[in-house]
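Presented below is the structure to which this report refers.
The figures here come from the full heavy-atom set of this structure, side chains too, leaving out hydrogens, waters and symmetry mates. Throughout, a chain's letter reflects where its sequence line sits, starting with A, and its residues are numbered from 1.
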Amino acid sequence: MTLRVYNTLSAGKEEFIPVEPGKVRMYVCGVTVYDHCHIGHARANVVFDVIYRYLRHLDLEVTYVRNYTDIDDKIINRAIKEGVPFNEISERFIAEFDRDMARLGLELPTHQPKATEHIAEIIAIVRTLVDKGAAYQAGGDVYFCVERFDGYLKLSGRNLEEMQAGARIEVDERKRHPMDFALWKEAKPGEPFWDSPWGKGRPGWHIECSAMSMKYLGETFDIHGGGKDLIFPHHENEIAQSEAATGRRFVKYWLHNGFVNINAEKMSKSLGNFFTIKEVLEKYDSEVLRFFLLSAHYRSPLDFSDQNLAEAEAGMERIYKALAGIDEALAGKPAPVGASATLAEAEGELREKGASFPERFREAMDDDFNTALALGNVFDLVRSVNRFLAEGGGNKEESRPLLAAARAGIRELGEVLGVFTSEPAAYFERIKGRKVAQLTIAPEEIERLIAERAAARSARDFRRGDEIRDLLLAKGIVLLDGPQETTWKVK
RNA sequence: GGCGGCGUAGCCAAGUGGUAAGGCAGAGGUCUGCAAAACCUUUAUUCAGCGGUUCAAAUCCGCUCGCCGCCUCCA
């Protein structure tokens with residue numbers, strides 16, 4: 001099976017064939033650094049991080065570029081509001097972005113260029129477009145002439161007439177065509193600026209991505225990604241200006257991720273219905289958030305809610321418990337035996353599931369990065385593992401390769417998706433620690449009560465024992481009676 | 001108004017022609033002094049509705065209803 005990807009340009013899945021065999025060049029639109037990132041940004045970045053990892057997993061040599069838009073109206077507006085230079089705003093939020101992405105466990109892209117560090121390249125492209133007659137100067141601005149580019153709107157599947165009919169903004173009368181867009185914007189008094197052949201100004205929004213992507217990846221590259229909301233106008237305009245400048249195909253595969261919704265509505269700054277990554281990570285583990293974001297196909301909408309995150313956490317717990325069980329069995333820890341079905345049957349099932357798992361993982365990922373299916377397969381394998389362990393299979397020396405194979409399969413998947421990468425014990429500690437912080441009872445008090453209960457139980461005073469358990473349960477503590485000792489967890 | 005997408009069990013979700021993965025929640029059982037966890041069984045004759053094509057449709061076509069997105073900055 002070969003990798004197939006959904007290409008927005010053709011509106012269908014296509015076999016992925018890199019421009020240069022064995023190598024992949026991909027560019028993903030980063031963020032405009034004027035505020036904290038929300039879960040929608042988290043999704044886009046996690047999704048492309050997984051795509052990046054999977055392509056490398058396929059032994060492709062990947063060059064991954066993700067930019068920072070560090071000059072634009074919103075940054076300038078915030079700078080004016082705070083009375084600071086614009087770059088103080090952009091630098092602050094670049095640092096915030098980097099921190100968020102690191103916490104989400106993202107790999108670093110090969111290059112992370114900033115628009116302001118590529119002004120010369122931007123000016124060069126704009127000059128080329130003007131020279132070719134695809135752009136024109138109007139005062140201190142330079143506009144791209146959409147009528148001079150035949151393929152305009154080929155990505156979003158619209159046409160110019162319809163767009164004008166639905167236009168909701170006032171048209172600048174200096175534009176030759178209402179849809180013409182700015183490549184270069186004249187600086188207003190007090191705004192940051194760079195010198196250019198057209199006077200002091202700054203780049204328009206779209207041109208920076210053309211300049212940076214082509215600088216690091218060449219005039220034609222494989223993958224260009226971003227959120228669905230970038231299809232029009234951003235990516236459409238990138239295609240127009242890039243292809244008009246080079247005369248070549250700009251991008252082979254356009255990939256777009258779906259939105260994160262709140263109550264079925266798009267999470268966005270303008271609607272104000274967003275949660276920042278920072279806020280969510282205060283309540284949930286970053287691995288849980290990643291798992292949640294990958295639990296639906298990347299092109300589908302994903303509804304963000306407390307219940308959905310809690311379910312993701314419950315699912316993660318199930319998987320980590322199974323991993324812990326495997327590790328204990330492999331370490332030779334004897335497991336209790338107690339079963340209804342036969343061990344041989346469970347062993348056969350585990351052998352089959354474990355053997356087919358890597359292949360099923362590849363098939364899922366090869367089908368347009370179907371992480372939801374891949375994670376479903378993990379649960380399937382986990383059930384076989386649990387069953388096998390529950391039947392006492394972990395006690396058999398000769399059955400260890402089966403468990404090791406399952407462990408290896410999940411580890412392989414985990415490395416690509418960036419989940420299940422912790423030691424199970426470390427994961428449970430993290431989750432517990434986070435919850436303990438919210439308790440109204442001190443851990444020392446819990447331990448004291450557990451000791452009292454142990455004494456009561458050994459005296460067969462179950463009544464007092466149950467009393468203590470109920471008391472702790474009321475405070476959100478669940479007691480787990482093991483063969484040797486009683487441990488606890490937060491409900 | 002134009003263009004596009006979605007509607008699968010109580011909830012989340014995979015499945016784009018071959019007879020409904022998986023998770024969460026729920027119910028019953030095994031285990032346990034009682035619990036928890038784990039395991040077993042169980043929960044959609046059916047995929048928004050109505051027609052059509054086909055030996056066969058959740059999957060293709062048409063219509064209807066509902067929801068959402070883009071058309072303005074947006075991941």
Query raised in the report: Which part of the nucleic acid, if any, lies within reach of Asn370(A) when heavy atoms closer than 4.0 Å are counted: base, sugar-phosphate only, or nothing?
Result: sugar-phosphate

Query raised in the report: Any side-chain N or O of Arg158(A) under 4.0 Å from OP1/OP2 of G4(B)?
Result: no

Query raised in the report: If the C1' atom of G22(B) is compared with that of A9(B), how far apart are they to the nearest Å?
Result: 13 Å

Query raised in the report: What is the pairing partner of A20(B), taking Watson-Crick or G-U wobble pairs with both distances under 3.5 Å in any strand?
Result: none

Report summary line: The Watson-Crick or G-U wobble partner of A38(B), with both key distances under 3.5 Å, is U30(B)

Requested in this report: With the side chain of Leu373(A) defined as its heavy atoms from C-beta on, choose the nearest nucleotide among A36(B), A21(B), G33(B).
Outcome: A21(B)

Query raised in the report: Expressed as a whole number of Å, how far does the C1' atom of U19(B) sit from that of U54(B)?
Result: 14 Å

Query raised in the report: With a 4.0 Å cut-off, would you call Arg360(A) and Glu363(A) a salt bridge?
Result: no

Query raised in the report: Rounding to a whole Å, what distance do you find between Leu255(A):CG and A75(B):P?
Result: 18 Å

Query - Any-strand Watson-Crick or G-U partner of G7(B), both distances under 3.5 Å - result: C65(B)

Query raised in the report: Considering only side-chain heavy atoms of Arg469(A), which listed nucleotide, A14(B), G23(B), A35(B), is closest?
Result: A35(B)

Query raised in the report: Does any nucleotide pair with U59(B) by Watson-Crick or G-U wobble geometry, both distances under 3.5 Å, and what is it?
Result: none

**Report entry** Closest listed nucleotide, where the reference is the side chain of Asp367(A) and the choices are G15(B), A13(B), C34(B)
**Finding:** G15(B)

Query raised in the report: How is Phe48(A) classified with respect to the nucleic acid when contacts are heavy atoms under 4.0 Å: base, sugar-phosphate, or nothing?
Result: nothing

Query raised in the report: Given the P atoms of A56(B) and A14(B), what is the spacing between them in whole Å?
Result: 29 Å

Query raised in the report: With ring centroids as reference points, do Tyr253(A) and Phe16(A) lie under 6.0 angstrom apart?
Result: yes

Report task. Indicate whether OP1 or OP2 belonging to C11(B) is found under 4.0 Å from a side-chain N or O atom of Asn308(A). Result -> no

Requested in this report: Can you figure out which of C71(B), G69(B), A36(B) approaches the side chain of Glu265(A) most closely?
Outcome: G69(B)

**Report entry** Residue whose nearest RNA chain B nucleotide is more 5′ - Asp229(A) or Arg463(A)
**Finding:** Arg463(A)

Query raised in the report: Does Lys266(A) have a side-chain nitrogen or oxygen under 4.0 Å from the phosphate oxygens OP1 or OP2 of A75(B)?
Result: no

Requested in this report: Measure from CG on Leu375(A) to P on G15(B) and round the result to the nearest Å.
Outcome: 13 Å

**Report entry** Value in whole Å for how far the P atom of A38(B) lies from CD1 of Ile319(A)
**Finding:** 12 Å

Query raised in the report: Rounded to the nearest Å, what distance is computed from the NE2 atom of residue His38(A) to the C1' atom of nucleotide A75(B)?
Result: 7 Å

Report task. May I ask you to evaluate whether Arg318(A) reaches the phosphate of C39(B), defined as a side-chain N or O under 4.0 Å from OP1 or OP2? Result -> yes

**Report entry** Ring centroid separation His206(A) to His235(A) under 6.0 Å
**Finding:** no

Requested in this report: Check every strand shown and say whether Lys74(A) touches a base, only sugar-phosphate, or nothing at a heavy-atom separation below 4.0 Å.
Outcome: base

Query - A21(B) versus G15(B) - spacing of their P atoms, nearest Å - result: 14 Å

Query raised in the report: Which is true for Asp466(A) with a 4.0 Å heavy-atom rule: it touches a base, it touches only sugar-phosphate, or it touches nothing?
Result: base

Requested in this report: Using a strict cut-off of less than 4.0 Å between a Lys/Arg side-chain nitrogen and an Asp/Glu carboxylate oxygen, indicate whether Lys74(A) and Asp35(A) qualify as a salt bridge.
Outcome: no

**Report entry** Arg453(A)/Glu467(A) salt bridge by N-O under 4.0 Å criterion
**Finding:** no

Query - Donor-acceptor pair under 3.5 Å, Asp72(A) side chain vs C73(B) base - result: no

Query - Complement of G1(B), any strand, by Watson-Crick or G-U distances under 3.5 angstrom - result: C71(B)

Query raised in the report: When you compare G17(B) with G28(B), how far apart are their P atoms, in angstrom units rounded to a whole number?
Result: 42 Å

Requested in this report: Identify, between Arg457(A) and Ser295(A), the residue whose nearest nucleotide on RNA chain B lies closer to the 5' end.
Outcome: Ser295(A)

Query raised in the report: Got a second to check how far Ile231(A)'s CD1 is from Ile239(A)'s CD1, nearest 0.5 Å?
Result: 10.0 Å

Requested in this report: For residues Tyr34(A) and Phe93(A), establish whether the separation of their ring centroids is below 6.0 Å.
Outcome: no

Query raised in the report: Could you state the CG-C1' distance from Leu293(A) to C12(B), rounded to the nearest angstrom?
Result: 14 Å

Query raised in the report: Between Phe250(A) and Trp254(A), what is the ring plane arrangement, given parallel below 30°, perpendicular above 60°, and tilted in between?
Result: tilted

Requested in this report: Could you tell me whether Asn257(A) contacts a base, only the sugar-phosphate backbone, or nothing, with contacts defined as non-hydrogen atoms closer than 4.0 Å?
Outcome: base

Query raised in the report: Quick one: Leu302(A) CG to G69(B) P, roughly how many Å, whole number?
Result: 15 Å

Query raised in the report: At under 4.0 Å between heavy atoms, what does Arg360(A) touch on the DNA or RNA strands: base, sugar-phosphate, or nothing?
Result: nothing

Requested in this report: For G10(B) versus A44(B), give the span between their C1' atoms, rounded off to a whole number of Å.
Outcome: 12 Å

Query raised in the report: Do Asp98(A) and Gln112(A) have side chains that get closer than 4.5 Å, going by heavy atoms?
Result: yes

Requested in this report: Tell me whether the guanidinium CZ or amine NZ of Arg43(A) lies under 6.0 angstrom from the six-membered ring centre of Phe259(A) and within 45° of its axis.
Outcome: no

Query raised in the report: Within the structure shown, what part of the strands sits under 4.0 Å from Gly258(A) by heavy-atom distance: base, sugar-phosphate, or nothing?
Result: base

Report task. Under 4.0 Å between any heavy atoms, over every strand shown, what does Lys228(A) touch: base, sugar-phosphate, or nothing? Just pick one. Result -> nothing

Requested in this report: Looking only at side-chain atoms of His297(A), point me to the closest of A75(B), A37(B), A14(B).
Outcome: A14(B)

**Report entry** Whether Phe379(A) stacks on the six-membered ring of G22(B) base, 5.5 Å and 30° limits
**Finding:** no

Query raised in the report: With rounding to whole Å, what would you report as the distance between A38(B) and A48(B) at their P atoms?
Result: 32 Å

**Report entry** Span that lies between the C1' atom of U46(B) and that of A20(B), in whole angstrom
**Finding:** 7 Å

Query raised in the report: Considering only heavy atoms and no angle criterion, is a donor-acceptor pair shorter than 3.5 Å present between the side chain of Arg383(A) and the base of G22(B)?
Result: no

Requested in this report: Would you mind classifying the nucleic acid contact of Phe462(A) as base, sugar-phosphate or nothing, using non-hydrogen atoms under 4.0 angstrom?
Outcome: base

Query raised in the report: What's the closest nucleotide to the Asp481(A) side chain, out of A75(B), A35(B), A14(B)?
Result: A35(B)

Requested in this report: Check every strand shown and say whether Val47(A) touches a base, only sugar-phosphate, or nothing at a heavy-atom separation below 4.0 Å.
Outcome: nothing

Requested in this report: Indicate, with a heavy-atom threshold strictly under 4.0 Å, whether Gly40(A) touches base, sugar-phosphate, or nothing.
Outcome: base

Query raised in the report: Phe259(A) CZ to G4(B) C1': how many Å, rounded?
Result: 11 Å

Query raised in the report: Please give, in whole Å, the distance from G2(B) P to Asn159(A) CG?
Result: 12 Å

